[in-house]
Structure formats: C-alpha cells, structure tokens
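What you are looking at is a predicted structure, and each value in this text was computed from that prediction instead of being measured.
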Amino acid sequence: AKRYPNAQLVLAHCARGFAGWSMMKAIKELELKRLSELDGMTGLFNKNKYLSMVEKHYPKIATVGVLFWDADGLKTLNDTHGHEVGDSLITTVGMSIQELCSDTRHGYRIGGDEFLLILENADESETCQVMENWKKRFEKMNQQGKTQFHASVGYAVGAGEQIEEIVHRADERMYEEKRKSKEQSGK
C-alpha cells in the first residue's frame, strides 16, 4: 500500500469511468431501439413495431378497438403540388393521431399513407368516441392550415387474440367511408 499510495484513487476513477461508459452504451442502445420502432416522419410507431405488437402483445389484451386511416389523395397531391405538400399531409395526419396516443393507445404508420390507432381494453362506444373526437380535431387543424387535407377512417372492435381480423374489418370500413366520400364529392 505504501508503494502505490494513489492506487485506491486510481481504481475509483477507473470504476467511475467504466460505469459512465456502460451507462452511455445502455443509453445509446435504448435510443437505437427507439429509433428502430418509430416512423421518422410522424413520430408514430412504424410497421415493424406494429407487427411485433400484433404477434406478442395484442393477443393478450381482452378487447381492442382499432381505428384505420388512409390519407386521401396523397398521389394527386404529390403529382400536382409536389412531395412537400404530400409530406405535409402525412405529418398532419400523423400529428392528429399522435394526440390520441397514451399508454393504452398506440399509433402506427404502417404504410405510405396508412395509419392505425389500437386502443387496449376499449369497447365500441369508446372507440367510436375517439374516432369522432379525432374527426373534430382534424377538421379544426384543417381550418387553421393553408391546405385542406382529408383522411378516411374506419373502426372495428373485438378480442385481442383476433387483432388481425379486427384490423382487416377496420380497413374495410375505412374504404367504405372513402367510397362514400368520393360519391358525395362527385370525384
């Protein structure tokens, strides 16, 4: 001990350095995991995260409500006004869905212009209420913006173990709404 009077101090410094390095490595790993699960444009979870949750999480939930959106006219917006306007449509829809998210409500961008919100332990009444609230908020966002965007939405509710079927039913209802909207607008 007399030969190396600062040995304990050096060891303590090394231990602190190693702990800091380990902490930084753990933080970076968590950040990489988070980034691998998020859609960069909207901040919603991405399709990979959705597929993982469909396989491992939602089948364990008693009931789930699903809202399925499609951003209307994305191709036309991109072709007519450019991709910046199309990207604005995607981010606007994404932000409107993000506002609905919580610990038991997860939002996903699963395709170019397709989005989901999955509500855990939600009945039909709650799911419909969330959808109606979204429609009102989205309309308000449109009134505040320079461009009028549209998105069709459908819903379905059922047992978590049937999540894929529920998503399919919500998708069908969304396309039915899209068809009715086109008929009403004459497009």
What pair of heavy atoms forms the shortest contact from Val54 to Ile163, and how long is it?
CG1-CG2, 3.7 Å
Taking side chain to side chain contact (heavy atoms under 4.5 Å, CB included) as the definition, give me every residue that meets it alongside Glu132, ordered by chain and number, with sequence neighbours left out.
Lys135
Quick check for you: to the nearest 0.5 Å, what is the distance between Phe149 atom CZ and Ile90 atom CD1?
10.0 Å
Distance-only donor-acceptor pairs under 3.5 Å for side chains of residues 92-102, two or more places apart:
{"from": "Thr92", "atom 1": "OG1", "to": "Ser88", "atom 2": "O", "distance (Å)": "2.7"}
{"from": "Ser96", "atom 1": "OG", "to": "Val93", "atom 2": "O", "distance (Å)": "2.6"}
{"from": "Ser96", "atom 1": "OG", "to": "Trp134", "atom 2": "NE1", "distance (Å)": "2.7"}
{"from": "Gln98", "atom 1": "NE2", "to": "Gly43", "atom 2": "O", "distance (Å)": "3.2"}
{"from": "Glu99", "atom 1": "OE1", "to": "Arg137", "atom 2": "NH1", "distance (Å)": "3.4"}
{"from": "Ser102", "atom 1": "OG", "to": "Thr104", "atom 2": "N", "distance (Å)": "3.3"}
{"from": "Ser102", "atom 1": "OG", "to": "Arg105", "atom 2": "N", "distance (Å)": "3.3"}

Can you list the residues that meet the side chain to side chain donor-acceptor pair (under 3.5 Å) rule with Asp123, with sequence neighbours excluded?
none
Are Leu119 and Val64 side-chain neighbours, meaning at least one heavy-atom pair lies under 4.5 Å?
no
Is any side-chain heavy atom of Thr127 less than 4.5 Å from a side-chain heavy atom of Leu67?
yes
Can you name the nearest heavy-atom pair linking Trp69 to Ala151, along with the distance?
CD1-CB, 4.3 Å
Does the ring of Tyr155 carry Arg173 above it, NZ/CZ under 6.0 angstrom from centre and within 45° of its axis?
yes
Gap between atom CG of Asn46 and atom CG of Leu38 - 0.5 Å precision:
7.0 Å
Given 3.5 Å as the limit, does a donor-acceptor pair link the side chain of Ser181 with the main chain of Glu177, or not?
no
Taking only distance into account, with no hydrogens and no angle test, what donor-acceptor pairs under 3.5 Å do side-chain atoms of residues 107-118 form with protein atoms, sequence neighbours excluded?
{"from": "Tyr108", "atom 1": "OH", "to": "Tyr58", "atom 2": "OH", "distance (Å)": "2.6"}
{"from": "Arg109", "atom 1": "NE", "to": "Gly111", "atom 2": "O", "distance (Å)": "3.2"}
{"from": "Arg109", "atom 1": "NE", "to": "Gly112", "atom 2": "O", "distance (Å)": "3.2"}
{"from": "Arg109", "atom 1": "NH1", "to": "Asp39", "atom 2": "OD1", "distance (Å)": "3.1"}
{"from": "Arg109", "atom 1": "NH1", "to": "Asp39", "atom 2": "OD2", "distance (Å)": "3.3"}
{"from": "Arg109", "atom 1": "NH2", "to": "Gly112", "atom 2": "O", "distance (Å)": "2.9"}

Contact list for residues 57-71, test salt bridge (Lys or Arg N to Asp or Glu O under 4.0 Å), sequence neighbours left out:
Asp70-Lys178
Under 3.5 Å, side chain of Thr91 to main-chain N/O of Asp87, donor-acceptor pair present?
yes
Under 4.0 Å between a Lys/Arg side-chain N and an Asp/Glu carboxylate O for Lys136 and Glu139?
no
What distance do Glu124 atom CD and Gln129 atom CD have between them, rounded to the nearest 0.5 Å?
12.5 Å
Side chain to side chain donor-acceptor pair (under 3.5 Å) with His150: which residues, sequence neighbours excluded?
none
If you take all heavy atoms of Ala122 and Val157, which pair is closest and at what distance?
O-CG1, 3.6 Å
Which pairs, with at least one residue in residues 156-171 and sequence neighbours excluded, count as a side-chain hydrogen bond (donor to acceptor under 3.5 Å, both in side chains)?
His168-Glu172
If the condition is side chain to side chain donor-acceptor pair (under 3.5 Å), which residues does Lys75 pass it with, not counting sequence neighbours?
Asp79
A side-chain contact here means heavy atoms from C-beta on lying under 4.5 Å apart; do His106 and Lys49 qualify?
no
Got a second to check how far Lys180's NZ is from Ser152's OG, nearest 0.5 Å?
11.5 Å
